[in-house]
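Report on the following structure.
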Amino acid sequence: MLDIKFIRKNPDKATELLKKRKHDHKVNDLLQLDELRREKIVAVQNLKEVKNQKNQEITAAKKEGKDFSQIISQMKDVSKDIKTHDNEISEIDDKIKTSLLQIPNIPQDDVPVGDESQNEIVSVHGEEPQFSFTPKPHWDLGKDLGILETERGARMSGSGFNVLVGAGAKFERALINFMLDVQTSAGYTEVSPPHLVLRSTVEGSAQLPKMEHDMYNTQPDDLFLIPTSETALVNLYREEVLPAKNLPIRVTAATSCFRREAGAAGKDTRGLLRVHEFKKVELVNFVAADKSDEALQTMLKNAEAVLQKLNLRYRILLLASEDMSFASTKTYDLEVWSPGVDRWLEVSSCSNCTDYQARRANIRYKEQGGKPQFVHLLNGSGLAVPRLMAALWETYQTADGHISIPEALQPYFGGEKEI
RNA sequence: GGAGAGGUGGCCGAGUGGCUUAAGGCGGCAGAUUGCUAAUCUGCUAUGGUUGGUCAACAAUCAUCACGGGUUCGAAUCCCGUCCUCUCCUCCA
């Protein structure tokens, strides 16, 4: 969430910046609540001061054996007033919090304004692969080679679920190990978090209440299946004050991700393009407030490294203000070229969320002798497995319907060169 | 799942209704002293909110003893609920 002090001091600026996201929030209503809250606090604070004084008088009187019944009868009313005010304040607090949670983060100055048609292509890398034949889409390759079972997956779990078999399953495992090795040698610490998390954890990473219907919830314990390991990783240090010398903290995790994708049925869902359960290597950075711009560039390079080592054609997009996720101030997407489906596929999204998530999850850092302040959080994929695998299969397919193993992956594949 | 014990500041640990603006210790910071990497002494030691201020140092004030309710003029302390930790039993990859 945003800092209400920022909104209080710059209401016009805040409104203007949020317009970039097509977010028409009633900032004035929020500020009125804020003012009311402060009035109430001043009032109740004075009452409590009286209460504390009188309590001391009672203590003294009792010690000296004097009568203090009159003070007590005065205090009954004061205490009642305090309770009334406190209740009102906590109601106002709830409203303010709800309001703040509906306000997205503010885009940075160099973010293009508008919807996804305004996304900027920053750069395109690698050559378009050439074929002497018509390249197959990955679902045909997978089916013909017996390594991807979409029908059997759907039979056991419904549409949007698939089964990898034999070399397909091995390919996925090789890819994950490869990507984790790339990121850990780039300085990331590997983490294996839970896949089920508490409601409060999901709230901490800003996915509730907005995303509730996009997530799988389990009963009777009310645990949520993580839609991305970002959910777990961001919460690693919730409610903590980190020593500044420990920063930056860079963590990576390979986890399954679970998404209901409600409303997306039928759209770009074939094969591995959009599934309910998939594996992804995630990158999360906790950095000092003045280091997050730089960290975003580094994180983008970390994600790109995977595509480069696999010799894939890809491009970098700078997302427009309305296309970014709620918490982000600036987001780069990585899209890989997938010749069989003849499309660019999104395999990573790297965002600088500044202090937006940290304020909500209360993650701070502190210089020795300094004051705590909120860390800046960045997250990015490094990368999402199914679409990357689709692009690899399609790019590396051979005329006789096989798939050659990219050189970088061969060590993870027992030295084999072809499926 | 069953039985029991517990949750107090950065850490240890006292505290069974007002004398706690949380004792004492450890650690940390600053200073004093000492002929040396030690000892001793003194002071300081959290977070958040609100108000005042050249919104920066700071000052005042309120809140915070796992969390949320309740009883009371008054709660770290009593009552209820929740969460977590430990021990034993049960179960189990």
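In what follows, chains carry the letters A, B, and so on, assigned in the order in which the sequence lines appear, proteins first and then strands, with residues in each chain numbered from 1. Note that this is a predicted model, so its numbers are computed, not measured.
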Quiz prompt | Exceeds 12 heavy-atom contacts within 6.0 angstrom, atom CD of A/E16 | solution = no

Rounded to the Å, how far apart are [X] [atom1] and [N] [atom2]?
| X | N | atom1 | atom2 | answer |
| --- | --- | --- | --- | --- |
| A/E239 | B/C67 | CD | C1' | 11 Å |
| A/R364 | B/A46 | CZ | P | 13 Å |
| A/N52 | B/C73 | CG | C1' | 12 Å |
| A/D81 | B/G74 | CG | P | 12 Å |

Pairing check on [N]: which nucleotide meets the Watson-Crick or G-U wobble criteria with it, both distances under 3.5 Å?
| N | result |
| --- | --- |
| B/G17 | none |
| B/A75 | none |
| B/C88 | B/G2 |
| B/U54 | none |
| B/U64 | B/A46 |
| B/C83 | B/G7 |

Which value, in whole Å, describes the distance between the [atom1] atoms of nucleotides [N] and [M]?
| N | M | atom1 | answer |
| --- | --- | --- | --- |
| B/U51 | B/G25 | P | 38 Å |
| B/C89 | B/G28 | C1' | 44 Å |
| B/G9 | B/G15 | C1' | 14 Å |
| B/U45 | B/C58 | P | 12 Å |
| B/A30 | B/U20 | P | 32 Å |
| B/U54 | B/A63 | P | 28 Å |
| B/A66 | B/U50 | P | 25 Å |
| B/U16 | B/C79 | P | 14 Å |

[X] and [Y]: side chain donor to acceptor below 3.5 Å:
| X | Y | result |
| --- | --- | --- |
| A/S292 | A/N352 | yes |
| A/T184 | A/E190 | no |
| A/E230 | A/Q357 | yes |

Self-check item: Whichever of A/M75 and A/K371 has its nearest RNA chain B nucleotide further upstream toward 5'
Solution: A/K371

Quiz item: When the nearest nucleotide of RNA chain B is assigned to A/N46 and to A/Q56 on a heavy-atom basis, which residue is associated with the more 5' position?
Solution: A/Q56

OP1 or OP2 of [N] versus the side-chain N and O atoms of [X]: is any pair under 4.0 Å?
| X | N | answer |
| --- | --- | --- |
| A/K40 | B/U51 | no |
| A/R38 | B/G49 | no |
| A/S73 | B/C73 | no |

Quiz item: A/R359 side chain to A/F374 main-chain N or O, any donor-acceptor pair under 3.5 Å?
Solution: no

Quiz item: When you look at A/K54 and A/V78, which way does the side chain to side chain contact (heavy atoms under 4.5 Å, CB included) test go after all the steps?
Solution: CA-CA 10 Å; A/K54 295 292 177 188; A/V78 174; over 6 Å; no

